[in-house]
Amino acid sequence: MEKGTIPRSTVSGGIDLRTTLQSGQSFLWNRTDGNMYAESSDDAWYYTVSDGEVVFVRQQSDRLEWRATTDAADNLRRRLRLQDDLDEIFDSFPEDVALARARDRYPGLRVIRDPFFPCLVSFICSARTTVEQIHGFQTELAREFGNPIDVDGTTYHTYPQPAQLAAVPEAQLRDLGLGFRAPYIKQTASMVTSGELTAAMVWDEPYKTVHERLQSFTGVGPKVADCVALFALGHLEAVPVDRWTRRLIETYFPDLARETYGETADAFREHFGQYAGYAQTYLFHYERS
DNA sequence: AGCCAGGCAAGTG
DNA sequence: CACTTGCATGGC
């Protein structure tokens, strides 16, 4: 195992690892104590399986500490978007009391960057359920259908490849409690496997094109498409409007409330600008906690 | 017991 | 296009 540190001084605006990983953006991380959403254990080890290897990371007062089989520093900087300058991002927002309060309470909350396919499946799973259960689904999918990896006598699992999920009978997916989401996952995995629509086809497109194209996946509508655009493809102007976000808009930004999804998201985006997804992520977490 | 949870697809008018 | 309904399951 290699190990290393990322000094907090190199992360503009700071990093709050626990809040970032618990805030319902990514469902691909776990904690070594198995209690991902517990409040205690600020120095707990978190891990994810990335490119076939397990990467462990924990927060110390003045640094992030990591362990992996190869040098994971660059990987972590990408996954946790440590290059985002939070001061610059917040300076770009119009003055706002609710948003200032959210940052005051959760400084160092960052938008993450998930791998495309796991993020896509995660948010297909997100329909009509809870953050904790979405996370449970991803852990189960990896355990049941991913490849095992042994690290120091403990077995971890890769997230299943598209072809692996496409090959799973729908009934087996339903056995995990996925319910009506099971056929959506299977069909979407098949579409990626066959090359009908892949990450490469949307990677370099502008946000609006990405948002439209993602919705041709089964089980992906405007909200899930915005989550994938923001949390996997790095379109920081994407604004997922879910029940929580709609509620907080009606409470704190009634002038931005509109009838349809698209008009509401556009109004929010025009108000907060090119980093509107960051504003949404802070307000969402603040509203939910 | 009934309602809600990071929505979406399919069916109408 | 706008609107309604069904969808699996679990927790409170």
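Only heavy atoms go into these numbers, but all of them, side chains included; no hydrogens, no water, no symmetry mates. Proteins come first, then strands; the chains are lettered A, B, ... in the order of their sequence lines, and each starts at number 1.
Applying the ring-ring contact (aromatic ring centres under 6.0 Å, His included) rule to pairs touching residues 11-30 of chain A yields Phe27(A)-Phe123(A), sequence neighbours excluded. Residue pairs that meet the salt bridge (charged side-chain N to carboxylate O under 4.0 Å, His left out) test with at least one member in residues 137-163 of chain A, sequence neighbours left out, are Glu140(A)-Arg143(A). Screening residues 275-287 of chain A for side-chain hydrogen bond (donor to acceptor under 3.5 Å, both in side chains) gives Asp84(A)-Tyr278(A), Thr245(A)-Gln280(A) as the qualifying pairs, with residues at least two apart or on separate chains. Among residues at least two apart or in separate chains, side-chain hydrogen bond (donor to acceptor under 3.5 Å, both in side chains) pairs with a member in residues 221-237 of chain A are Tyr207(A)-Asp226(A), His211(A)-Asp226(A), Asp226(A)-Tyr261(A).
Residue contacts for Glu287(A): at a heavy-atom cut-off of 4.0 Å it reaches no nucleic acid atom on any strand shown.
A heavy-atom distance below 4.0 Å to DNA chain B is reached by these residues of residues 240-274 of chain A, ordered by number: Asp242(A), Arg243(A), Trp244(A), Thr245(A), Arg247(A). Residues of residues 205-220 of chain A having a heavy atom closer than 4.0 Å to DNA chain B, listed by number: Phe217(A), Thr218(A), Gly219(A), Val220(A).
If you check the side chains of Tyr106(A) and Ser23(A), you find no donor sitting under 3.5 Å from an acceptor.
Ranked by how close their nearest DNA chain B nucleotide is to the 5' end, Tyr184(A) and Phe123(A) are led by Phe123(A).
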Distances under 3.5 Å between protein N/O atoms and the N/O atoms of nucleotides 9-12 of chain C, please, pair by pair.
none

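Residues Arg101(A) and Asp96(A) are not paired through a salt bridge, judged by the lack of any N-O separation under 4.0 Å between the basic side chain and the carboxylate.
With a cutoff of under 4.0 Å to any heavy atom of chain A, the contacted region of DNA chain B is bounded 5' to 3' by dA5(B) to dA9(B).
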Return a table of donor-acceptor pairs under 3.5 angstrom between the side chains of residues 247-258 of chain A and protein atoms on other chains or two or more places apart.
| residue | atom | partner | partner atom | Å |
| --- | --- | --- | --- | --- |
| Thr251(A) | OG1 | Arg247(A) | O | 2.9 |
| Arg258(A) | NH1 | Asp255(A) | O | 2.8 |
| Arg258(A) | NH1 | Leu256(A) | O | 3.4 |

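Just one residue in the list Gln60(A), Gln59(A), Arg18(A) forms a side-chain contact (heavy atoms from CB on, under 4.5 Å) with Asp43(A), and that residue is Gln60(A).
Straight-line distance from the CG atom of Leu173(A) to the C1' atom of dC7(C): 16 Å, rounded to whole Å. Here the C1' atom of nucleotide dC7(C) and the CD atom of Glu170(A) are 12 Å apart, to the nearest Å. Here dA8(C) presents its C1' atom at 7 Å from CZ of Phe180(A), a figure rounded to the nearest Å.
Between Thr70(A) and Glu53(A), the closest side-chain pair of non-hydrogen atoms falls below 4.5 Å.
Of the P atoms belonging to dA8(C) and dG11(B), the separation is 15 Å, rounded to the nearest Å. Going from the C1' atom of dC3(B) to that of dC7(C) covers 16 Å, rounded to whole Å.
Partners of Phe180(A) by ring pair (Phe, Tyr, Trp, His ring centres under 6.0 Å), not counting sequence neighbours: none found. With sequence neighbours left out, Gln164(A) forms a side chain to side chain donor-acceptor pair (under 3.5 Å) with Asn147(A).
Geometric assessment of Arg103(A) against the ring of Phe90(A) yields a positive cation-pi assignment under the 6.0 Å and 45° thresholds.
Members clustered with Trp45(A): Met1(A), Tyr47(A), Val49(A), Val54(A), Phe56(A), Ile149(A), Val151(A), Tyr156(A), by chain and number, using a 4.5 Å side-chain heavy-atom cutoff among hydrophobic residues.
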